[in-house]
Colleague: 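I am attaching a structure below and will ask some questions about it afterwards.
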Amino acid sequence: MTDYKNASTTLDGAVDSSTSSNFIRSKIAQDIKEEKHGGRVHTRFPPEPNGYLHIGHAKSICLNFGVAAENSGLCNLRFDDTNPEKESQEYVDAIKDSISWLGFQWSGDVRYSSNYFEQLYAFALQLIESGKAYVCDLDATEMRDYRGSLTEPGRNSPHRDRSIEENRDLFERMRAGEFADGACSLRAKIDMASPNINMRDPVLYRIRHIEHHQTGSQWCIYPTYDYTHCISDAIEGITHSLCTLEFEGHRPLYDWILNTLDIASLAGASDLAGTEYDYVLPQQTEFAKLKLNYTIVGKRTLKEMVETNVVQGWDDPRMPTLAGLRRRGFTATSIRNFCESVGVARSESIVDLEMLEHAIRDDLDKNSPRAMCVLNPVTVVLMNLPDEHLEILSMANHPKDEEMGCRSVPLTKRVVIDRSDFEEVPPQGFKRLIAGGEVRLRGAYVIKCIDVIKDDAGKIIELHCSVDLDTLGKKPEGRKVKGVIHWVSEDKGIPLSVRLYDRLFNVENPESKDIEDFRECLNADSLVEMTSCIAEPSIVEEGASLNYQFEREGYYCLDEKDSSENKLVFNRTITLRDSW
RNA sequence: UGGGGUGUCGCCAAGUGGUAAGGCACAAGGUUUUGAUCCUUGCAUGCGUUGGUUCGAAUCCAGCCACCCCAGCCA
């Protein structure tokens with residue numbers, strides 16, 4: 001039961017609260033004003049546990065939980081588990097985990113449509129008793145044939161006019177397990193000539209002799225989505241049933257079922273029974289799904305990518321799943337901000353991935369401590385320093401946020417810099433190290449390259465540099481040194497591996513109809529592993545963070561799954577913006 | 001083709017009869033010991049299209065065009 005007195009949906013964490021208007025917020029505001037549901041707002045997020053949640057679900061989650069929180073309302077989590085064939089407990093657990101991670105708390109206990117199987121059955125009997133449902137023996141093929149087409153009306157099933165007694169008897173025997181899968185079904189008696197195909201006597205119950213992850217072998221008949229969803233909403237006292245556009249044509253059926261049932265019995269079965277509230281039927285409102293360019297959010301395909309090892313699991317950091325984004329280093333805040341920024345509307349659109357990238361950079365820039373990590377090292381020998389030189393430099397963890405404190409960074413005679421920060425033949429505008437040129441080691445001294453040491457194959461193995469010891473914390477005299485590069489002490493540095501991720505697909509719309517197989521457009525370089533990286537020691541010292549901005553490189557986070565004590569693995573969440 | 005939807009800047013998106021918000025992207029400057037961040041500026045005489053109503057239309061009306069959804073005992 002719902003505690004209407006003491007609970008309302010709340011949100012922890014800082015979310016951009018500059019909410020803009022959208023048609024759902026407007027509608028809810030209007031309904032509250034008119035006291036349509038006694039001023040209540042009660043939504044629900046109703047996933048089927050047949051896969052992991054992805055970024056598209058995040059939009060729905062943020063909408064449902066968000067709109068409830070904004071209006072001191074409630075939001076339920078309900079697993080729409082009416083098709084046990086595709087569902088599993090693993091998905092139930094993963095979904096709960098992702099929602100909590102995103103920062104939302106559902107009202108009361110987790111609900112399952114299967115909680116209502118007994119009530120759903122009783123309501124089906126009610127429909128039969130009022131002559132509004134019948135048991136049909138047509139098989140799937142015949143039913144399709146009788147349904148007609150987009151332009152032709154359907155024909156009545158030969159079983160449409162069975163007596164109420166016969167229907168009741170047959171339906172009870174369906175439940176008792178007397179019939180094989182598919183032998184018959186319970187159908188609503190509506191209108192086989194309706195221009196809306198969803199209204200041509202839709203199936204309400206089908207026979208499936210199969211174990212259910214929640215109800216075990218208790219049932220062998222399972223209610224369909226259309227029949228279940230509206231009644232579940234009604235039972236839970238949902239006021240606003242928000243779903244995506246493809247269910248638009250189902251709304252007349254949603255309404256038909258609830259209006260055909262006896263409202264008093266619906267009210268009596270609902271969470272509102274015994275409360276001060278008048279019973280008002282829930283209302284379905286549809287909005288456009290979230291699509292992102294360069295990514296696939298179709299569950300079927302995501303599942304196939306996992307099963308065929310295109311990726312390494314549902315939480316592969318390249319996946320658009322919440323588990324994947326999380327492992328990649330996306331924060332819950334960034335995803336919520338992103339969802340707010342894309343808005344909610346009824347026009348179908350494909351959001352630019354850069355919107356998501358902006359959201360994560362924005363959050364991480366503010367909240368990630370800085371550190372230096374050299375991905376592709378080349379040795380720099382600081383010639384005028386003694387062999388045993390060890391200097392501990394103090395550097396700010398964040399350039400703007402003093403409260404983030406400082407860290408110690410050791411400087412030794414031998415350091416490493418990234419190979420790409422030295423060029424023998426620099427391109428126009430190159431601001432890094434060149435032979436005979438100067439550059440600043442970030443947070444340390446200005447150095448000058450005096451010698452380039454190569455092996456027999458011509459590969460650079462060392463750069464010999466001199467240090468201007470008068471440049472710590474101040475500008476060199478009489479000249480400008482524009483470049484600043486990051487570096488790490490060669491012997492004090494921590495070795496680690498880094499995984500550079502890029503988009504999984506190399507076309508804007510991998511879900512487009514003219515792409516037969518997603519494998520055609522996979523980006524071969526979506527994962528590049530760098531195994532010889534060296535980072536400053538602060539990343540493993542006490543108080544170390546799980547995520548950093550590796551300066552001049554990007555935002556990275558520890559991969560807790562693949563890291564061990566003697567092997568550190570970091571995932572690149574996102575690069576820094578690069579206008580060079 | 002029957003029914004149901006949607007069309008506002010490169011991408012999202014506000015706007016509901018009073019003369020086109022905002023974000024992303026992009027461009028140009030400035031600051032900077034991260035080619036980051038930050039700051040400033042620019043970026044739709046135009047709202048799918050053609051007509052109509054009106055002093056006035058993205059908003060109202062009519063026609064046309066384009067795209068999306070529906071013919072599972074999936075959700």
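Numbers restart at 1 for each chain; the letters A, B, ... are given by sequence-line order, proteins then strands. None of these values were measured; they are calculated from a predicted model.
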Colleague: Remember a base hit wins even if backbone is also touched, and classify Asp139(A) as base, sugar-phosphate or nothing at under 4.0 Å, heavy atoms.
Modeller: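 Answer is base: heavy atoms of Asp139(A) come under 4.0 Å of a base.
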Colleague: With sugar-phosphate meaning primed atoms plus P, OP1 and OP2, does Leu138(A) contact a base, only sugar-phosphate, or nothing at under 4.0 Å between heavy atoms?
Modeller: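 Base contact.
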Colleague: Just checking Pro47(A): base, sugar-phosphate only, or nothing, at a heavy-atom cut-off of under 4.0 Å?
Modeller: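 Nothing, no heavy atom under 4.0 Å.
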Colleague: Write down the distance separating the C1' atoms in A58(B) and U8(B), rounded off to the nearest Å.
Modeller: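 Between the two C1' atoms, the distance is 7 Å.
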Colleague: Could you give all pairs that pass the side-chain hydrogen bond (donor to acceptor under 3.5 Å, both in side chains) test and reach residues 50-63 of chain A, with sequence neighbours left out?
Modeller: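 The answer is Glu48(A)-Asn50(A), Asn50(A)-Lys299(A), Tyr52(A)-Glu90(A), Ser60(A)-Asn64(A).
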Colleague: What orientation do Tyr227(A) and Tyr205(A) show, parallel under 30°, tilted 30 to 60°, or perpendicular over 60°?
Modeller: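 Ring orientation of Tyr227(A) relative to Tyr205(A): tilted.
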Colleague: With sequence neighbours left out, what residues match Arg78(A) under salt bridge (charged side-chain N to carboxylate O under 4.0 Å, His left out)?
Modeller: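 Counting only residues at least two positions away or on another chain, Arg78(A) forms a salt bridge (charged side-chain N to carboxylate O under 4.0 Å, His left out) with Asp233(A), Glu236(A).
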Colleague: Taking atom P in both A75(B) and A66(B), what distance in whole Å separates the two?
Modeller: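 It comes out at 35 Å once rounded to the nearest Å.
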Colleague: Using a cut-off of 4.0 Å on non-hydrogen atoms, how would the nucleic acid contact of Arg147(A) be classed: base, sugar-phosphate, or nothing?
Modeller: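 Answer is sugar-phosphate: Arg147(A) comes under 4.0 Å of backbone atoms only.
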Colleague: Looking at CD1 of Ile207(A) and SG of Cys220(A), how far apart are the two atoms once the value is rounded to the nearest 0.5 Å?
Modeller: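 The CD1 atom of Ile207(A) sits 6.5 Å away from the SG atom of Cys220(A).
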Colleague: Quick one: label Arg370(A) by what it contacts on the DNA or RNA (base, sugar-phosphate, nothing), any heavy atom closer than 4.0 Å.
Modeller: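 Base contact.
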Colleague: Scan Ser194(A) against the nucleic acid and name what it touches under 4.0 Å (heavy atoms): base, sugar-phosphate only, or nothing.
Modeller: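 The answer is nothing, as Ser194(A) stays clear of every strand by at least 4.0 Å.
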Colleague: What residues, two or more places apart in sequence or in another chain, satisfy salt bridge (charged side-chain N to carboxylate O under 4.0 Å, His left out) together with Lys482(A)?
Modeller: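 Lys482(A) satisfies salt bridge (charged side-chain N to carboxylate O under 4.0 Å, His left out) with no residue once adjacent residues are dropped.
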Colleague: Using the six-membered ring wherever Trp is involved, compare the ring planes of Phe247(A) and His250(A) and label them parallel, tilted or perpendicular (cut-offs 30° and 60°).
Modeller: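 Perpendicular: the ring planes of Phe247(A) and His250(A) meet at over 60°.
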Colleague: Would you classify Thr228(A) as touching base, sugar-phosphate or nothing, given that sugar-phosphate means primed atoms plus P, OP1 and OP2, and contacts are heavy atoms under 4.0 Å?
Modeller: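 The residue Thr228(A) makes no contact with any strand.
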Colleague: Under 4.0 Å, counting only non-hydrogen atoms across every strand here, what does Gly429(A) touch: a base, just sugar-phosphate, or nothing?
Modeller: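 Contact class for Gly429(A): base.
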Colleague: For the C1' atoms, the ones on G7(B) and on G42(B), what distance do you get once it is rounded to whole angstrom?
Modeller: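 That atom pair is separated by 28 Å.
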Colleague: Going by side chain to side chain donor-acceptor pair (under 3.5 Å), name the residues that satisfy it together with Ser114(A), two or more places apart in sequence or in a different chain.
Modeller: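 Side chain to side chain donor-acceptor pair (under 3.5 Å) list for Ser114(A), sorted by chain: Asp81(A).
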Colleague: Tell me, please, which residues at least two apart from Lys474(A) pass salt bridge (charged side-chain N to carboxylate O under 4.0 Å, His left out).
Modeller: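 Salt bridge (charged side-chain N to carboxylate O under 4.0 Å, His left out) check on Lys474(A) returns Asp470(A).
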Colleague: Considering only atom P, compute the distance from A28(B) to U33(B) and round it to an integer number of Å.
Modeller: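 Nearest-Å result for A28(B) against U33(B) at atom P: 23 Å.
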Colleague: Does G72(B) sit syn or anti, given that only angles within 90° of 0 count as syn?
Modeller: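 Syn, angle within 90° of zero.
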Colleague: When all nucleic acid strands are considered with a 4.0 Å heavy-atom cut-off, which category describes Ser579(A): base, sugar-phosphate, or nothing?
Modeller: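 The answer is sugar-phosphate, as Ser579(A) gets under 4.0 Å only of primed atoms, P, OP1 or OP2.
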Colleague: Mind checking the P distance from G3(B) to A14(B)? Whole angstroms is fine.
Modeller: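 28 Å, rounded to whole Å.
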Colleague: Between U40(B) and U31(B), how many Å separate the two P atoms, rounded to a whole number?
Modeller: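 One P to the other, the span is 15 Å.
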Colleague: Can you check whether Leu242(A)'s main-chain N or O pairs, donor with acceptor, with Arg44(A)'s side chain at less than 3.5 Å?
Modeller: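 Looks like yes, one N/O pair under 3.5 Å.
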Colleague: Quick one: label Gly249(A) by what it contacts on the DNA or RNA (base, sugar-phosphate, nothing), any heavy atom closer than 4.0 Å.
Modeller: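 Nothing: the residue Gly249(A), judged by heavy atoms under 4.0 Å, touches no strand.
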Colleague: Only stems of 3 or more consecutive Watson-Crick or G-U pairs count here, both distances under 3.5 Å; name the ones for RNA chain B, or none.
Modeller: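 For RNA chain B the paired stretches long enough to count as stems (3 pairs minimum) are B:2-7 with B:65-70, B:10-12 with B:22-24, B:26-30 with B:38-42, B:48-52 with B:60-64.
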Colleague: Report which part of the nucleic acid Ser149(A) touches: base, sugar-phosphate, or nothing (heavy-atom distance under 4.0 Å, all strands).
Modeller: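 Touches a base.
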Colleague: Quick one: on RNA chain B, does Ser21(A) or Glu348(A) contact a more 5' nucleotide (nearest heavy atom)?
Modeller: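 Checking each residue's closest nucleotide, the 5'-ward one belongs to Ser21(A).
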Colleague: Would you jot down, in residue-number order, the residues of residues 474-484 of chain A having a non-hydrogen atom under 4.0 Å from RNA chain B?
Modeller: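 Residues of residues 474-484 of chain A under 4.0 Å from RNA chain B: Lys474(A), Lys475(A), Val484(A).
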Colleague: Apply side chain to side chain donor-acceptor pair (under 3.5 Å) to Arg479(A) and list each qualifying residue two or more places apart in sequence or on a separate chain.
Modeller: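 Expected list: Glu438(A), Asp468(A).
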Colleague: Considering only distance and modelled atom types, tabulate donor-acceptor pairs under 3.5 Å from the side chains of residues 287-294 of chain A, sequence neighbours left out.
Modeller:
{"from": "Lys289(A)", "atom 1": "NZ", "to": "Glu246(A)", "atom 2": "OE2", "distance (Å)": "2.8"}
{"from": "Asn293(A)", "atom 1": "OD1", "to": "Leu353(A)", "atom 2": "N", "distance (Å)": "2.8"}
{"from": "Asn293(A)", "atom 1": "ND2", "to": "Glu508(A)", "atom 2": "OE1", "distance (Å)": "3.2"}

Colleague: Nucleotide range of RNA chain B contacted by chain A, 5' to 3', under 4.0 Å to a heavy atom?
Modeller: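 Reading along RNA chain B, I get U1(B) to A75(B).
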Colleague: Please report the distance separating the P of C9(B) from the corresponding atom of A20(B), rounded so that it comes out in whole Å.
Modeller: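 16 Å, rounded to whole Å.
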Colleague: Taking the six-membered ring for Trp and the single ring otherwise, decide whether the centroids of Phe117(A) and His212(A) are under 6.0 Å apart.
Modeller: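 For Phe117(A) and His212(A), the ring centres are under 6.0 Å apart.
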Colleague: Need to verify one output field. Residue with the more 5' nearest nucleotide on RNA chain B, Lys400(A) or Pro223(A)?
Modeller: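 Upstream on the strand: Lys400(A).
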Colleague: Take atom P in C24(B) and the same atom in C65(B), then report the distance between them in whole Å.
Modeller: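 The answer is 39 Å between these two P atoms.
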Colleague: Categorize Arg432(A) for me: base, sugar-phosphate, or nothing, with a 4.0 angstrom heavy-atom threshold over every strand shown.
Modeller: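 It contacts base atoms.
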Colleague: Does anything in residues 200-211 of chain A pair up under salt bridge (Lys or Arg N to Asp or Glu O under 4.0 Å), and if so which pairs, sequence neighbours excluded?
Modeller: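 Matches after skipping sequence neighbours: Glu85(A)-Arg208(A), Arg160(A)-Asp201(A).
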Colleague: Could you tell me whether Lys59(A) contacts a base, only the sugar-phosphate backbone, or nothing, with contacts defined as non-hydrogen atoms closer than 4.0 Å?
Modeller: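 Here Lys59(A) touches no strand at all.
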Colleague: Listed by chain and number, what are the salt bridge (charged side-chain N to carboxylate O under 4.0 Å, His left out) partners of Glu178(A), not counting sequence neighbours?
Modeller: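 Glu178(A) satisfies salt bridge (charged side-chain N to carboxylate O under 4.0 Å, His left out) with Arg173(A) only.
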Colleague: For Ala288(A), report the nucleic acid contact type (base, sugar-phosphate, nothing); a contact means any heavy atom under 4.0 Å.
Modeller: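 No contact.
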